[in-house]
J.: 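My structure is below; once you've seen it, I'll send some questions.
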Amino acid sequence: MFAVGYTLIFSILRIINFAHAAIFTLGAYFTYALTGSAFGYNGLLKNSALPIHLPFLLAAVVGAMLAGLVAIVIERLAFRPLRNRGADPLLSLVSSLGVAVVIVNVIQYLVGAENYSYPAQPYGNLPTAINFGLGSQRIPVRTVQIVIFGVSVVIMLLLTYWLNRTKTGKALRAIAEDATTASLLGINTDQLILLTFFLSGMVGGLSGALIGSSVSIAGPYFGISFGLRGLAVIVLGGLGDIPGAIVGGVVLGLAEAFVPVQYIAYKDAVAFAVLFLMLLLRPQGLLGRAELQKV
Amino acid sequence: MAVFFATYGSLIVAMLLAAMLALSLYLPLLAGQLSLASPGFYALGGYVAAIISTRVVPFDSGAQAYIWRMGTHEVARFSGPLYPVSLLIVEMLVAGVLSAVLAIVLGLPALRLRGIYLLLATIAFVQILQVVTQVLDLTGGAIGIFNIPQPFASQLGYAWVVVPLLLLSAGFVYRLERIRIGRAFTAIREDELAAAAMGINLAYHKVLAFTMGAVLAGIVGVISAHSINTWNSRQGTFDAGITYLAFVLIGGSRTFLGPIIGGIVLYALPEVLRGLAAIPGLPLALAQLLKDGRLIMYGLLLVLGTIFFPQGLIRPNLFRHRTVEATPRKIEQQ
Amino acid sequence: GAPTSSTTGTGATTSSTSSDTTTPATMTTTGGGATASSATTTEGGTTTNSATTTGGTTALSGDPVPLGVAVAETSNTAALGQEQVIGVTIAEKYFNDHGGINGRPLKIIRQDTAGDENGAINAFNALINQSKVLGIVGPTLSQQAFAADKIADTAKVPVVGPSNTAKGIPQIGPYVARVSAPVAVVAPNAVKAALKQNPQIKKVAVLFAQNDAFSKSETGTFQQTITKTAGLQLLPVQTFQTTDTDFTSQATSVLNQNPDLVIISGLAVDGGNLVKQLRELGYKGLIIGGNGFNTPNIYPVCKAQCDGLLIAQAYSYELVTPVNTDFRKSYQDLQKREPGQLAAQAFAGVQVFVEAMREVDKATPLKGLSVEAARTAINDQLLKGKYQTPLGPISFTPEGEVIQNDFYVAQVKMNADGATGKFVLLK
Amino acid sequence: MTAQAAAEQAAQVGPARSVVLQAERLTRRFGGLLAVNSVSFDVEEGEIFGLIGPNGAGKTTLFNMITGLQRLSSGSVRYRGSEISKLRPDQIARRGIARTFQNIRLFGNLSALENVMIAQHVHLRSGVLGGVLGLPLSRREEQHAPERACELLDLVGLLGRAYQEARTLPYGDQRRLEIARALALEPTLLLLDEPAAGMNPNEKHDLSTFIRGLHDRFKLTVLLIEHHVPLVLGLCDRIAVLNFGQLIALGAPEQVRQDPAVIDAYLGAE
Amino acid sequence: MRTVQPLLDIQKLFVNYDGIQALEDVTLAVYPGEIVTLIGANGAGKSTTLRSISRLIKPHSGEMLYGGRSLSHLRAHEVVRLGIAQVPEGRRVLTRQSVFDNLLLGAYTRNDTHAIAEDIDRHFTTFPRLAERRNQLAGTLSGGEQQMLAIARALMSRPKLLLLDEPSLGLAPIMVQEIFTIIQRLHASGVTILLVEQNATLALKYADRGYVLEAGRITMSGPASSLLTDERVKQAYLG
Ligand SMILES: Nc1ncnc2c1ncn2[C@@H]1O[C@H](COP(=O)(O)OP(=O)(O)OP(=O)(O)O)[C@@H](O)[C@H]1O
Ligand SMILES: Nc1ncnc2c1ncn2[C@@H]1O[C@H](COP(=O)(O)OP(=O)(O)OP(=O)(O)O)[C@@H](O)[C@H]1O
Ligand SMILES: [Mg+2]
Ligand SMILES: [Mg+2]
């Protein structure tokens, strides 16, 4: 889920946007604020709350839009100037890192470092878990996770369609490859990149809100802790491949789940070892096609 | 002056170490290899130092007192005997060799990957190493290893090792950039395929660059472990790697001076901001902002830095090779 | 060289005499301001100790007595650090209202350590050399302590760890002490309390955060208690990371082993999430949370699912002593909720310094003493004293380890709204 | 004149010139597409050998296979008697086969001079330590290298642009730089892929003179792909014609020019 | 003197790269329906002129009018919307997209889906090679095939003014003839063309007028037929 937004920017601009993790966090906080919950005990805004009380789902959508807007601002302030100055493409990695640092610390400055969580039962009266196991072997899955999974799949399908089938999607891929040539074809590169950032910010913000409903919002570094895993997931799925990002997420989850209990200490190592092997054996990702290169 | 060195002694040492870490990331980058493996080797080096000095070598810290003076100013005191510098050097050698071996084993398969894929593979390596050191008893688990003996009476004493090492490695890279091997690296960075067609052995040069970076990072880890007195699995993580990368890119990734300057400047920046907040006479609000918003400013400066120095602080044509410069003129005159 | 007066390289230029008039003004703003960003650290702090430099020794002036606080105010450790900041802020005001250091005000100077070892070292260095503090409360994490405390010890500056619980901290050196007891001692009590509520307990599942130094040592005690003391069956131990958010695999495997009791050693957020997910997936039995759970910060994490959680505590706000009542009151005024262990320990950290300073000052007035001499005297006194803190009565071993008598086991009772709750002390 | 040199010269003018490059049943498939289909030919020592054919006939693919940049689907390439088709590109380059690229592949961000110096790689010996420490051997080499590179730049008329970044050079000059870079390898077999593209007729003519000069001066064997027919006809000793991956003609220029199959597929009615 | 307004009117154009003068005081005009060719040696600034018109680079000074409208404040993609298309030097096809998608993107500014499909079919008939390769990634095409694609792609926007930068580059003789046939056909249908071509003889044969560019300056201009017979031009460019 998180990975989808990441992938979107990556597939289009071939840059890794560290600020994405921060936008994810923002999405969660915006949603929190929009549900009318009060901020905690630290920071400038302590004990204050918005006068509106949106239901969780609506708040999540509006929060995601706001996150998208923030992404737009970030693009204008931190990415476009770099592009216009013909900077080393890697440099955008640094400037996105800078943005992430700013956002995280501004959040802390405003609302402190404590964790928050949404008002009880954001999804109404659904049971908290559903059992998929048979007999004594229980395989319960939390409802929230099912919701998140469902939403990711839907978003994934929409984005895939958009990127691969529509004119705008094709134009975006053209920009990714060669922005100069794209502009020679009449493609407004700045505008489309902005759109991409907005969408990616929205997806990121929405995932922040949803994941925040699954686990509490663990302070300003909430998103950052997902960042690395998100990266791993998109590699598994094939960089820049949106369905791949979802499949990658599932595979990584399964690989971790099958680590025997005795070795659970090595769970993360296993995940990354899978990632490492994957890179060596199928660098194009699980679903990806090998890229041909012509001399 | 004394106060300055006492306050900033460890910062200065850490800054120089940061410069070297940036160099260790820069070396593979020189050959176009975007690798974040440096923190892993750094962590490895630290553990080598920690394990050797606390578990292998029986070293007993008794209760003698050492006083280190600068003129009449007492700069620092240290109780307990000093750890022999010769052993420190042995540790550095061991760490260097271990890093080199690991780098070759890891590099041979991994360096077939390019760009972002290599980046992720190296991150995976760092993460695996982190989990393993977190779990193993040998590395002290989550707490890590502490009470690492001190080879110097004060933090600034580390300068005796760090400064020569930095000069050495800077000199090394400076020369490297100007010889055949360095040109081969550059060619690979620019266009692997064309480089191969020009007779450059890709695998050999990539692994070479990667290994040199690894060795440097491993050695820095040794010094770092002693200098911060403790070592644990939170040292040399993925985030640290990103920070080193920022050092390189902000400093300038086209000449060895870039990472060095970048490492020094960026590492010092948060501390400079801390220091600024302490300047007397600042309006309260500003001082407060500098203090509480230190990292906000840091982030902003990172962004502004990239915008205003899109090629990094140091650009190579500032320092062109003189003999090369003179040659065409010479031929033209003939 | 001839003795030179005035600046010592810190850029302090204000003459030392003028401060007498400015200080009270600063003081009054202290308690009233916002918490984390309150005016405690007015940068005049460094100016007020400007003094003469004589061969490296600086004599103390008659101005506020500087005490350093170096905790993690930024980074992902800030959630802990900000509680500690509240604790010391309350302490500063409290002790100044109660006469300061025999009439002279206490001045807290904060430096942010961020979350890493180098940050802690830098913060300590700035406090020791620039601000010339007489002692330091900090840092937040044990790993940071191993790095930074060494610096202080070498410089002969007393340090009191407010939350460092790993083994080996007081042994770093003679100048290192802590008020944070490795609460492993409560483990048996917690297990006993659980057995009291449900005598049928047979199988126990244990989980701990493997990247947290404290959780690792705490879980050891829990496991010992279960197998040795209580003679229960210990299921295979599972681990997680404090940065984890999804505990499905751990929870599922716990459920399939059907334990009667689950014991978790972790920190508030990860531990809370683990509890929540265990409950949501259908675990019904008792859960014991380690000392890391002892903070009201868990309420928003596991919400209604926190209910019934047994928690091992090194501090309980229900303790009725004059100092804790005052502390609890100040905290409630400031924060509109009950105080947690981190804030209380930070308060205690300041308190032991203040009381030691008062004693030293009584014997030989601090004014006129060199900074170095004062630091050593304070350290010696600190280790000797007995203190009535919000944590209850504490004292130190000669090594600097805290001796604390009162540990508690509490049970979480959530209110109907599912968002707030309280710790109910179990006897 | 030494006996050896005399023998060499004799070998060159003698009727039985030795075969340098032997392509045997070279085949390359891309999916269902046979880009090069069982092509065989020999290139003799000192020859200028032309390769022409319509767009997409498989000429560049053939070059790629010879230089190791693309694997063969089947067939073999022998260079001076030994099989090279399994070697890596850099090993092939070491043996003395250099090439230029049709889609220019210069090191774009580096100066023209650096581009050439990089290609001297295989002829320098100094290793890491020697180079870094500035030992005598490497010192000599490093002093000599830029001079040598400048001579080559001078040869292609780019000395004045030695410090210009390669990607900012005008298109025609980039082609010249490609040639200079290939020459820096001191090859015995030089493969040129459309070297005259982007030059005007005058410049093409100069280039043709230049290639002949190189050939004479460095005793080069040249394999040349070019669409500019007058240049190919004027320059080449023999010409092979590819169409749809197949060799449709091979012979002296005049012979090829009159081949109806070639006129039909490639030259067009004039 | 003509009375018609020029379609493209460039006046006193100066361009420099990092301080190096690439164009100096270039003034040229292209009238509606004309083929104008620009000839000159390597590095004379031909490509630079075309890049200035399509706003890929910002001139230092000078005015460019297109149908009376100034181009100076437009951005590259806006210029395309005015009906100016360019076949860039070195082809620059989108290597990671299929031949078909490249063509489709050529028509990015158009919305008439039906007519676009027809146009694609038409270009496939002109270049059967492309039709065979329609689903192949453009990056794997041969050099000449890419050149065909670049030309077809530019035509997909149905430009009013076509800027061709060495369209015959890398094409087999038979294809070169084909390209010039196309140019002629476009000319007949009223498209205005500014042609940069190394094959000056051929270019001047088809063009109405020509300009000679030397070291960034225009040194000669006039009807193509007279340039073709001019001794100096012959000497320098026709070989
Ligand atoms: N990687 C690839 N995948 C699929 N087809 C390819 C690939 N590489 C080349 N081809 C096809 O193989 C054929 C031969 O290409 P090649 O580049 O050898 O032609 P060429 O003779 O050099 O043509 P030109 O004169 O236009 O440069 C072309 O039709 C091309 O489309
Ligand atoms: N990005 C750039 N930076 C610096 N100089 C440049 C740049 N691009 C072009 N130039 C210079 O501008 C001049 C004109 O180049 P331009 O590409 O316009 O020539 P051209 O006439 O198209 O040549 P060709 O026929 O070889 O394509 C050349 O001297 C070239 O080196
Ligand atoms: Mg070709
Ligand atoms: Mg050009």
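Not measured: the values here are computed from a predicted model. Here is the naming used below: chain letters follow the sequence lines, and residue numbers restart at 1 for every chain.
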J.: For a quick test of reading the model, state the closest non-hydrogen atom pair linking B:Ile296 to A:Val102 and the distance between them.
T.: O-CG2, 3.5 Å
J.: Where on B:Leu119 is there a heavy atom nearer than 4.5 Å to chain A: the side chain, the backbone, both, or neither?
T.: side chain
J.: Show the nearest heavy-atom pair for residues A:Leu90 and B:Leu249, with the distance to one decimal.
T.: O-CD1, 3.5 Å
J.: May I ask you to name which of A:Pro81, A:Ala273, A:Gly98 has the most heavy-atom pairs under 4.5 Å with chain B?
T.: A:Gly98
J.: Quick check for you: among A:Val104, A:Asn84, A:Leu82, which has the greatest number of heavy-atom pairs under 4.5 Å with chain B?
T.: A:Leu82
J.: I'd like to know which of A:Val106, A:Val101, A:Asn105 tops the heavy-atom pair count under 4.5 Å against chain B.
T.: A:Asn105
J.: Could I get the full list of salt bridge (charged side-chain N to carboxylate O under 4.0 Å, His left out) partners for B:Asp191, not counting sequence neighbours?
T.: D:Arg105
J.: For B:Gln311 and A:Arg85, which heavy atoms make the closest approach, and how far apart are they?
T.: NE2-O, 4.4 Å
J.: Measuring heavy-atom distances to chain B, does A:Ile103 have an atom under 4.5 Å in its side chain, in its backbone, in both, or in neither?
T.: neither
J.: Who pairs with B:Tyr26 by side-chain hydrogen bond (donor to acceptor under 3.5 Å, both in side chains), at least two apart in sequence or on another chain?
T.: B:Glu177
J.: What residues of residues 267-276 of chain B sit under 4.5 Å from chain A when only non-hydrogen atoms are counted?
T.: none
J.: Residues of residues 297-309 of chain B under 4.5 Å from chain A (heavy atom pairs)?
T.: B:Tyr298, B:Gly299, B:Leu300, B:Leu302, B:Val303, B:Thr306, B:Ile307, B:Phe308, B:Phe309
J.: Quick one, A:Phe276 with B:Leu106, criterion side chain to side chain contact (heavy atoms under 4.5 Å, CB included). Give me CA distance, side-chain angles, the key distance, then yes/no.
T.: CA-CA 11 Å; A:Phe276 190 78; B:Leu106 191 71; 3.7 Å; yes
